[in-house]
Amino acid sequence: MDFLNKFGINIKDKELLLRALTHTSYAYENKTVSNERLEYLGDSILQLVVSEYLYIPLKCYPELSADVIKKYYTYFQQHIWCIHHQKYL
């Protein structure tokens, strides 16, 4: 946790941070909790955000087929993480 102090980051729930950073294979080998449930939650939130982001502008285009909307959804779902984190790299 030294790197958090180095950058002045204060984490209230350090247990949650450790869980978020614990890969399933490590958790299995060390009999601890993994980040799978948090990953599932994060994926669900991302799905909600992308769906809302697409739905609001696309409802102005009722002529678009479901297939076209699915293609937009897939594109954003795959690229939104990179777009968001590009600011911090």
Side-chain angles (χ1 to χ4, degrees):
M1 298 294 179
D2 291 337
F3 74 97
L4 296 174
N5 295 332
K6 180 179 178 180
F7 293 103
I9 300 170
N10 184 21
I11 302 294
K12 292 180 183 177
D13 190 346
K14 291 187 169 99
E15 284 284 322
L16 186 59
L17 175 63
L18 289 174
R19 183 181 306 163
L21 299 174
T22 302
H23 190 269
T24 306
S25 60
Y26 178 86
Y28 177 77
E29 292 172 6
N30 294 282
K31 308 287 190 250
T32 189
V33 181
S34 76
N35 63 0
E36 279 189 24
R37 293 183 71 190
L38 293 172
E39 183 179 3
Y40 173 77
L41 178 62
D43 289 347
S44 298
I45 292 169
L46 179 61
Q47 183 178 4
L48 174 66
V49 169
V50 170
S51 296
E52 184 176 346
Y53 181 80
L54 285 175
Y55 178 76
I56 291 170
L58 290 179
K59 73 179 183 180
C60 298
Y61 301 98
E63 69 276 4
L64 290 179
S65 70
D67 290 338
V68 171
I69 293 172
K70 286 178 189 175
K71 287 178 184 176
Y72 279 120
Y73 177 80
T74 301
Y75 174 83
F76 279 106
Q77 192 176 25
Q78 292 172 349
H79 292 88
I80 199 164
W81 186 91
C82 295
I83 293 167
H84 174 73
H85 286 67
Q86 173 181 342
K87 298 174 193 174
Y88 305 104
L89 297 177

(message) Using the side chain to side chain donor-acceptor pair (under 3.5 Å) criterion, which residues pair with Ser65? Sequence neighbours excluded.
(response)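 With neighbours one apart ignored, the set is empty.
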(request) List for me each residue that meets side chain to side chain donor-acceptor pair (under 3.5 Å) alongside Thr74, sequence neighbours excluded, and say none if there are none. (result)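 With neighbours one apart ignored, the set is empty.
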Return the set of residues passing side-chain contact (heavy atoms from CB on, under 4.5 Å) with [X] (not counting sequence neighbours), or none when no residue passes.
X: Ile69; answer: Leu58, Leu64
X: Ala27; answer: Thr22, Thr32, Ser34
X: Leu48; answer: none

What distance separates [X] [atom1] from [Y] [atom2], expressed to the nearest 0.5 Å?
X: Ile11; Y: Asn5; atom1: CD1; atom2: CG; answer: 10.0 Å
X: Asn35; Y: Leu17; atom1: CG; atom2: CG; answer: 11.5 Å
X: Glu36; Y: His23; atom1: CD; atom2: NE2; answer: 8.0 Å

(request) Answer yes if Tyr26 and Leu18 sit in the same cluster of Ile, Leu, Val, Met, Phe, Trp and Tyr residues linked by side chain heavy atoms under 4.5 Å apart, and no otherwise. (result) no
(request) Could you identify which residues cluster with Leu38, counting Ile, Leu, Val, Met, Phe, Trp and Tyr as linked when any side-chain heavy atoms lie under 4.5 Å apart, either directly or through a chain of such contacts? (result)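 Same cluster as Leu38: Leu16.
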(message) When you measure from the centre of the six-membered ring of Tyr28, is the NZ or CZ of Lys31 closer than 6.0 Å and no more than 45° off the axis?
(response)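 Yes, Lys31 lies over the aromatic ring of Tyr28.
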